[in-house]
Amino acid sequence: MNLALTELRRRPGRFTVATIVLTFLSLLLLLLGGLLDGLFLGSTGAIRAQRVDVIVYSDTARDSFLRSRITPDVRESVEATDGVQEVGGLGFTLLGATVPDETDLADVAVAGYEIAPSGVPDPPPAGHAWADERLQDAGVSIGDTLLVGPARSPVVVDGWVEDTNYLLQGALWVTLDTWREVQNANRPDAFVGDGVVQVLAVRGDGDAGALAAAIDDATGVTSTLTRDDAVFALPGVKEQKSTFNAIIWSTLAVVLAVVGLFFSLLTLERTGLYGVLKAIGASTRRLFAGVVLQAVVVAVIAFVVGGVLAFLADLALPGQVPLQLTTGRYVFTFVALVVAAVLGSAISLRRVTRIDPASAIGSAA
Amino acid sequence: MFLAVTEMKRAKVRFGLLSGAVGLLVFLIMFQQALSTGLIDQFIGALKNQSADVLVFNEQARKNLEGSIVLPDQQAAVGEVDGVAVAAPLGEGTFTVLTGGSDEETDAVIFGYQLGGPGAPTTLVEGRLPEATGEAVASSRNADEGFDIGDTITVLANAGGEAATFTVVGLAEEINYSVSPVLFTDFAGFEAAKRAVNPDATDVLPSVIAVQVADGADAGEVAAAITAAVDGTEALTRQQAVDGSPGVSSVRQSFSVILLLFYLVVPLVTGLFFLIVTFQKAGALTLLRAIGSPAGVLVRALLIQVVVVVLTGSVIAVGLFWLAAQGGGGGLAISVEPGPVLFTTVLVLVLALATSLAAVRRVLRIDPIAATTGAGVQVG
């Protein structure tokens, strides 16, 4: 065990290139994961924050918020459905907004709501909004009056909320009436009448799946999803996740191959030395533990350096690149790297086992 | 040559692992390149392959077609700007539709343009352009999904609205938008679709104004003149509109960072491998030099191995890539094209040869006289 660490300390040069390669790979894993998380979290915040069980769309909307319309009579029949406790309307409009003293427009999602999502206070007064922190990057401050959309509808920012964005646009949480005003002024082609909302957020008793089915049965004109399904029904979310995960797992396979390759070469170089060590009583287990330990140390160093580089890259990349490095992503990458390193170094096990202590006699080692 | 190949035959696991690692890395590079170009093409194909020289967005839309509407007085003002030959409305919207043969609902993006004016698809491969309301050109990629010539597509109406139907009369390639099937139809058809889903709509405004510039006028200059002359608009040339589309630049940037890193990792891995192998063989190489092998022969053997490993890796990569293309890239159609595959292979080969120079230098530094000292060679 000590021998392995001593070698790492005395002959760091021998491990440098492998460490650099693994550092690049861990940086890649973190950036890929960070992009995936950034895209996912930034797109779905507004839905994940909903403290409800199911989301009710009109059945012609193909589970798209922007295309869904729920009229007051449909809402009444949802409210009358068994098991429904609380019903709130929701509506989103994606627009650009002029920020005071800024030349660039901010991308905003004006979100009308009734049931407060997690972290969002009760609806503000008409014309006012709780803004997502993401908008700070665009120069928005509390008290600012944003002019939203081509019609320049004024919305005053009253305070900040966290992680509530919709399709990578900064959410502005407003009352349903304010949302309707903004929508109708700026999107006359998608006019919403009084009492009309895009979707209903519903809290109820029992199993969410059963509640969704009961609502659809009762109205006949809706398509209801559980909140988690609604998150994945957002455009592109599912596809992004599967594609990025495929790339991440392939990269991990590369890590495994690189570690395996490197340590099998090292083991080859040490065959004579291992013969001697075995001759004087070292067990295969102990020698192999040394190899694994070195692989883990190299992986840990590569992870630390890669992690710092990823952090710096996050600071250096422009704000529009949706990179978001979460603690969970760091933990996942760390564990995955260490596991890949252990598995990779195990490729040398056969060679270490095969070494015959007797070979130490008569060879020049 | 002989030695190089024999060595590889004897150490199959080692060279196999290396080729496998290179293969996976090259595969990832090819896959991500295809993904990013496929993503971009299928996101903005409709913008790229339509006939307007300049598109006038609402300034507030941030170059996003979905978020743009142009007011009637803005449209009139655009027509007055010098260098504008034709200014016509172009509408865009995503709708839930029923396609010809099936009951299954699907998404489609409908573009409405003034027939005969700018904004028509330019990549027609079959059939003809629409000549009347109710006719449409569809994206050829989706022909099998109920968007073939002769198929009828119905835009589902919301309560109070009247369904709008279109008959496909032509197919054009590379005109997808937001990775969805696309229909190009006349503006009245687009308006009917909008009214089907929004019976309350007070007015259906164009998303952008499609401009055809006068003969001899420069599109870039006309665009700048429109932006300056018409308050609240942002005019972009076709290429600017494509490059500025939301997501396109960030997708490009993110992928280029990742691809750059992958391109760095491949040569590092091969360079590292051959350096270590050369160290290990130093004794044998010294002896070979001592009995008269010129350094050039040994270097050639090394380079041959690099080439064989990279080419084997590339073959593995193309195989994996082909499999991935069959399986579909997460809903995106990706295809194996010889151009990018060849480009990636050659680039990786050049980079791998460059990093193996470290090992070459090591070989060249070998002094045949060391063999006479009996101590082998100095390693390191």
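In the text below, chain A, chain B and the rest are named by the order of the sequence lines, each starting its count at 1.
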_Distance flag, aromatic centroids of A/Phe244 and A/Phe40, threshold under 6.0 Å_ = no
_Distance-only side-chain donor-acceptor flag, B/Thr96 / A/Arg67, under 3.5 Å_ = yes
*Check for a donor-acceptor pair, side chain of B/Asn158 on one end and backbone N or O of B/Pro199 on the other, with a separation under 3.5 Å.*
no
*With a 4.5 angstrom heavy-atom cut-off, which part of B/Asn58 approaches chain A: side chain, backbone, both or neither?*
side chain
*Give the member of B/Glu66, B/Arg62, B/Arg195, B/Glu105 that has the highest number of heavy-atom pairs under 4.5 Å with chain A.*
B/Arg62
*Heavy-atom distances under 4.5 Å only: say whether B/Ser178 touches chain A with side chain, backbone, both or neither.*
neither
*How are the rings of B/Phe273 and B/Phe15 set to each other: parallel, tilted or perpendicular (split at 30° and 60°)?*
perpendicular
_Proximal component of B/Glu191, with respect to chain A [non-hydrogen, under 4.5 Å]_ = neither
*Checking A/Thr98 against chain B: side chain, backbone, both or neither under 4.5 Å from a heavy atom?*
both
*Heavy-atom contact with chain A under 4.5 Å, split by part of B/Ala11*: neither
_Proximal component of B/Val257, with respect to chain A [non-hydrogen, under 4.5 Å]_ = side chain
*Heavy-atom pairs under 4.5 Å with chain A, option from B/Thr202, B/Val22, B/Leu205 with the top count*: B/Thr202
*Among A/Val21, A/Leu95, A/Leu265, which residue forms the greatest number of heavy-atom pairs with chain B at distances under 4.5 Å?*
A/Leu265
_Parallel, tilted or perpendicular, as decided by the 30° and 60° cut-offs, for the rings of B/Phe190 and B/Phe95_ = perpendicular
*Would a distance-only check, ignoring hydrogens and angles, find a side-chain to backbone donor-acceptor pair under 3.5 Å from B/Glu234 to B/Val56?*
no
*Which bit of A/Leu66 comes within less than 4.5 Å of chain B, counting heavy atoms only: side chain, backbone, both or neither?*
neither
*A/Leu25, A/Val258, A/Thr71, A/Asp107: which one forms the most heavy-atom pairs within less than 4.5 Å of chain B?*
A/Asp107
*Under 4.5 Å from a heavy atom of chain B, the part of A/Ala61 involved*: backbone
*At a heavy-atom separation under 4.5 Å, does B/Leu28 approach chain A through its side chain, its backbone, both, or neither?*
side chain
_Part of A/Ser58 within contact of chain B (heavy atom distance under 4.5 Å)_ = side chain
*What residue, out of A/Arg69, A/Arg152, A/Arg187, has the most heavy-atom pairs lying under 4.5 Å from chain B?*
A/Arg187
*Look at the aromatic rings of A/Phe15 and A/Phe263 and report parallel, tilted or perpendicular, splitting at 30° and 60°.*
tilted
*asked:* Any side-chain to backbone donor/acceptor pair from B/Ser180 onto B/Asn176? Under 3.5 Å, distance only.
replied: no
*Which atom pair, heavy atoms only, marks the closest approach of B/Leu351 to B/Pro267?*
O-CB, 3.5 Å
*chain A: which of B/Val277, B/Leu264, B/Leu275, B/Thr94 shares the most heavy-atom pairs with it under 4.5 Å?*
B/Thr94
*asked:* For A/Ala97, which atoms come within 4.5 Å of any heavy atom of chain B: side chain, backbone, both, or neither?
replied: backbone
*asked:* Quick check for you: among B/Val204, B/Leu71, B/Ile258, which has the greatest number of heavy-atom pairs under 4.5 Å with chain A?
replied: B/Ile258
*Is there a donor-acceptor contact under 3.5 Å from the side chain of B/Ser68 to the main chain of B/Leu65?*
no
*Please name the pair of heavy atoms, one in A/Ser26 and one in A/Ala302, separated by the smallest distance, quoted to 0.1 Å.*
OG-O, 3.1 Å
*Of the backbone (N, CA, C, O) and the side chain (C-beta and beyond), which part of A/Asp59 lies under 4.5 Å from a heavy atom of chain B, both, or neither?*
backbone
*Looking at A/Ala257, A/Gly260, A/Ala190, which makes the most heavy-atom pairs under 4.5 Å with chain B?*
A/Ala190
_Please classify the contact between A/Thr251 and chain B as side chain, backbone, both or neither, with a heavy-atom cut-off of under 4.5 Å._
both
*Quick one: which of A/Leu94, A/Ile247, A/Leu31 has the most heavy-atom pairs under 4.5 Å with chain B, could you say?*
A/Ile247
*Interatomic spacing from CZ in A/Phe24 to CG in B/Leu260 - rounded to 0.5 Å*: 8.0 Å
*What pair of heavy atoms forms the shortest contact from B/Phe187 to B/Gly91, and how long is it?*
CE1-N, 3.7 Å
*B/Ile276 CD1 to B/Leu272 CG distance, which is reported to the nearest 0.5 Å*: 4.0 Å
*asked:* Quick check for you: among B/Gln32, B/Gln60, B/Lys194, B/Arg14, which has the greatest number of heavy-atom pairs under 4.5 Å with chain A?
replied: B/Gln60
